[in-house]
Amino acid sequence: MARYNAKTTEAKWQATWAERGVFAAEVDTAKPKYYVLEMFPYPSGRIHMGHVRNYTLGDVLTRYKKAQGFNVLHPMGWDAFGLPAENAAIERGIHPAKWTRDNIAAMKKELLAMGLSYDWRRELATCDVEYYHQQQRMFLAFLDAGLAYRRESLVNWDPVEHSVLANEQVIDGRGWRSGALVEQKKLTQWFFRITEFSDDLLAALDGLERWPERVRLMQSNWIGRSEGMKVDFAFADRPGALTVFTTRHDTLFGASFCAISPQHPLAQEIARTNPKARAFIDECQRIGTSEAALEQAEKIGFDTGIKVRHPCRASWELPVYIANFILMEYGTGAIFGCPAHDQRDLDFARKYGLAVTAVVAPPGQEADFTIGDAPFLDDGKLVNSEFLDGLDVAAAKTKMAAHLEAKGLGQRTVNYRLRDWGVSRQRYWGCPIPVIHCPACGVVPVPDRDLPVRLPDDVDFAGSGNPLSRHPTWKRVACPGCGKPAERETDTMDTFVDSSWYFARFASPRATQPLEADAIGYWLPVDQYIGGIEHAILHLLYSRFYMRAAKRCGYVDFTEPFSGLLTQGMVCHETYKDANGKWLYPEEVAFDPAGTAVHAASGAPVTIGRSESMSKSKKNVVDPNPIIDKYGADTARWFMLSDSPPERDLEWTDAGVQGVWRYVNRLWRLVDEPGAPVATVGAARPAAFGEPATALRRVTHKTIATVTKCMESFHYNRAVAAVHELSNAIQEFCAAVGPQATAADAWTHREALEAVALLVGPMMPHLAEEMWQQLGHRNLLAQTAWPKHDPALVIDDVVTIAVQVMGKLRATLELARDLPEAEVRSAALANGSVVKAIAGKAVRKVIVVPNRVVNVVV
RNA sequence: GCCCCUGUGGCGGAAUUGGUAGACGCGGCAGACUCAAAAUCUGUUGUUGGUAACAACGUGCUGGUUCGAGUCCGGCCAGGGGCACCA
């Protein structure tokens, strides 16, 4: 029996598609467009299972939409700037550019072997000078529009390496390489004014109907619009006031302290003269800059000795603490603490022996409500609050706000959690920020004629700090304004900037302006974007901002870059550790006959950890290449689609791939060695069909309907199941009709086989193409229209109705579709098992759900 | 810690969105073919009791709404993603 030869077949069709330019997309205003995009990869050197899953999903959609008659754009590129290239340079002495280019070449080869429907002519890498040249122009346009600006902010600073650390490079408060305690350092850095669009970014989420609800929710929470007040607490023994932001001004009479961020100007001022305060602030800064670290750290405070007066009772003085959990970036960097109605404030008050006064009480407990271990967070009636007593929370907020505003002590404010986007990176391998610092003229944009600002090739990674600023000559330039000696900006841009507009650049990847209007107008926005859920907030929000900024600068005329979003789950695998606690790759682990895991090389015992998303750091990665090499891309693709719905995490197991490979061969045999005659291509449709043929035709058309629906809703795993059922039905049909099949049987057989090939086409394109050819076609399946089902064959005239007694299934009835309710009812009540279950009790009620269920209530 | 999501047989999952829980596949078991193995084909496979018909139980735990809950609501538990310099 000839087995399907995946390797030669796949290479053959890949070459054919490429030669005929099947996936080359051009603007064609006569056809409806569809833009499919997967999140472009970071060129780490090898594709991993997450990529295989991501690109398979995009490829299925592309081929399906193409078969539906759309003009489909499906490009691919490389998110090529970033930290790992610099790490490679430091660790192995390879230039980041070479490392990146080599990785791109290797990964492209792997992608080509997957048979993906990309228009490779549009390939781009963000480290291409022609790409970052255009990005620099857009940066200057943003600068001109006031959307880019400089200010001071904190970075993680490694005092030994003299370099800025990414959050992931800070481990337990220490630099990952030097092990030195990380400090925080203030640097003047570039920001994009994303907060300019806070309201719009939030409001427009409602219109993103083809985005997952949870992503919209996460973004909404991230933007974090909250209505509250700025309230002034006058200093008791100095002029001025401390302005706090609160959303709970109703609880103002429960205030027992104020707290300010360690970065608050007041904290900084105190620290200049008070060494203890200085030490406390330094201690706080050791936690790092990440919000997660701050929130999880023990809540501690430092009593500054400064007192402020309560805005409603001037005689009431409250202490001011510096506290490690107050973020300078949020609100005013200062709060008032009301321990009775906030968990964090309560913890803090208990720790420092501060008063806990309940000012909101649950109904009925207004007289004697006290707080124990937990704050009271629900609505209730105000108590101990003078003019607010007796009001509910909402009414108290309104009254307090009016009171404070009338006295000039506060102001209603809308506050956002969203902060401006810091885009400066003190690194080499990124897009240079195209400005020049002149001692006389200040910040001067690089004139357009002098763009691009190219990265120098001759850089030294051996030293510490930013190689660009250490470069002996690169930054020394003449000021474009006055001609005197000046210095280039040596910060490069966050790589999120690169990925915030690449999807638009794909419309005209070689254009000499950033974005080309005609191409953008036709192709954008992206109709379906597909990528990991881990990008649900940052990348997607930055891209949404970037398009708004680009629109304001006249580059585009839309604001939302992605009309549809599919967030795929992670690909997971078991983790392995040796006796020393070191992570092991799956291929380093062997299983002995008893199923115990051992180190393949040494035989030493191995601990199996739980399954987690594949990551290099835990080494629980499976290389797709050996699988593609052995079984072919179609097998890997089908496995990715068949086992889990796209949005769910997928557990990679070696078992199963074998099964898919067997199924590939089974499908191939359906056409290569058919079990019954197959009519010739284009044979006339017979006038009548026999019993087995009608049954098969029903399955065929139901499968077409099901798979089509699944394709529209991304339920690819269900599409796979439906195709399985059709191929099972074909085998049963062949066994039933055998070699004596009639002409009508042969025609039906062909109809079913063609349906299988066409339906499988987007998922296993090489096998489908080969089947199509084997069935006698001379055109390409990749250029053939999607099949349509015959509605008459999809609806059964007999339905199975479940009969329950008190909700418990007692019988099923085969009845004619749409039988009158009375007849269904009497048929159900006449059934022996039903009678037995009723056991002579009086029937109180019979619920009949048409064509589905009867429930007898006794 | 905060925000979001997920939880169904030995395993991945399905269930027309409130109407027969376990489709389809993997794995297992039994059989056919074979000198043998692979491949292929057939049957079987939620758990418990029963030779069987059948019965009881069963969708993380717990409480509720309903004629009826995997699906809706409340409370918990476990796992995953994100937390602004990883991409």
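Residue numbers begin at 1 in each chain, while the letters A, B, ... track the order of the sequences. The basis for the numbers below is simple: all heavy atoms, side chains too, and nothing from hydrogens, waters or symmetry mates.
- A/V803 pairs with exactly one of A/L813, A/L809, A/N831 by the side chain to side chain contact (heavy atoms under 4.5 Å, CB included) rule, that one being A/L813.
- A/S644 comes within 4.0 angstrom of sugar-phosphate atoms only, judged by non-hydrogen atoms across all strands, and of no base.
- The ring-ring contact (aromatic ring centres under 6.0 Å, His included) test applied to A/H724 returns A/Y663, not counting sequence neighbours.
- The A/Q296 side chain lies nearest to B/rG1 when the options are B/rU20, B/rG1, B/rG81.
- In terms of polar N and O atoms assigned as donor or acceptor, the side chain of A/Q189 comes within less than 3.5 Å of the base of B/rC85 in a complementary pairing.
- Using a 4.0 Å heavy-atom criterion, one finds that A/I847 contacts the bases of the nucleic acid, with or without backbone contacts as well.
- For A/W429, the ring-ring contact (aromatic ring centres under 6.0 Å, His included) partners are A/F81, not counting sequence neighbours.
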So what is the 5' to 3' dot-bracket string for RNA chain B, if pairs are Watson-Crick or G-U wobble with both distances under 3.5 Å, crossing pairs use [ ] and | means the partner sits on another strand?
(((((((..(((......[....)))((((((.......))))))((((....))))..(((((..]....))))))))))))....

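- Where A/F40 and A/Q731 meet RNA chain B, the nucleotide closest to each residue was compared, and A/Q731 sits on the side nearer the 5' end.
- Checked against A/S424 for a side-chain hydrogen bond (donor to acceptor under 3.5 Å, both in side chains), the options A/T188, A/T490, A/D491 give a single hit: A/D491.
- Using a 4.0 Å heavy-atom criterion, one finds that A/V155 contacts the bases of the nucleic acid, with or without backbone contacts as well.
- For A/S178 and A/D158, the side-chain atoms include at least one donor-acceptor pair closer than 3.5 Å.
- Within 3.5 Å, no donor on the side chain of A/Q169 pairs with an acceptor on the base of B/rC86, nor the reverse.
- If you check every strand for non-hydrogen atoms under 4.0 Å, A/W222 touches a base.
- Note that A/R151 lies in the cation-pi zone of A/F191, set by a 6.0 Å cut-off to the ring centre and a 45° limit from the axis.
- The listed nucleotides are B/rG7, B/rC86, B/rU20; the one nearest the side chain of A/A166 is B/rC86.
- Between the base of B/rC85 and the side chain of A/N167 there is no donor-acceptor pair shorter than 3.5 Å.
- Remark: A/F348 pairs with A/F257, A/Y321, A/F325, A/Y352 by the ring-ring contact (aromatic ring centres under 6.0 Å, His included) rule, at least two apart or across chains.
- Side-chain proximity of A/R810 to the nucleotides B/rC67, B/rA84, B/rA56 is greatest for B/rA56.
- The nucleotide whose nearest atom lies closest to any side-chain atom of A/R669 is, among B/rC4, B/rC41, B/rG19, B/rC41.
- Across all strands, A/R852 comes closer than 4.0 Å to base atoms (heavy-atom distances).
- Residue contacts for A/S424: at a heavy-atom cut-off of 4.0 Å it reaches a base atom on one of the strands shown.
- Comparing the P positions of B/rA52 and B/rU47 gives a spacing of 14 Å, expressed to the nearest Å.
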Please write out the pairs of protein N or O atoms and N or O atoms of nucleotides 23-29 of chain B separated by less than 3.5 Å, giving the distance to one decimal.
unit_1: B/rG25; atom_1: OP1; unit_2: A/N728; atom_2: ND2; d: 3.3
unit_1: B/rG27; atom_1: OP1; unit_2: A/R662; atom_2: NH2; d: 3.1
unit_1: B/rG27; atom_1: OP2; unit_2: A/R662; atom_2: NH2; d: 2.9

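- Side-chain proximity of A/Y42 to B/rA87, B/rG19, B/rA21: nearest is B/rA87.
- Within 4.0 Å (heavy atoms only), A/K299 reaches no atom of the nucleic acid at all.
- Among the protein residues, A/P212 comes within range of no part of the nucleic acid, since none of its heavy atoms lies under 4.0 Å from any strand.
- Counting non-hydrogen atoms under 4.0 angstrom, A/H535 reaches a base of the nucleic acid.
- Residue A/I537 places its side chain closer to B/rG82 than to any other of B/rG1, B/rC67, B/rG82.
- Annotation for A/V805 and A/A837: closest pair CG2-CB, 3.9 Å, computed over non-hydrogen atoms.
- Judged purely by atom type and a 3.5 angstrom limit, A/K299 uses its side chain to pair as donor or acceptor with the backbone of A/A297.
- For the pair A/D420 and A/F81, both in contact range of RNA chain B, the more 5′-proximal nearest nucleotide belongs to A/D420.
- In this structure A/R810 satisfies the salt bridge (Lys or Arg N to Asp or Glu O under 4.0 Å) test with no other residue, sequence neighbours excluded.
- Using a 90° window around 0 for the glycosidic torsion, B/rG13 falls outside it and is classed as anti.
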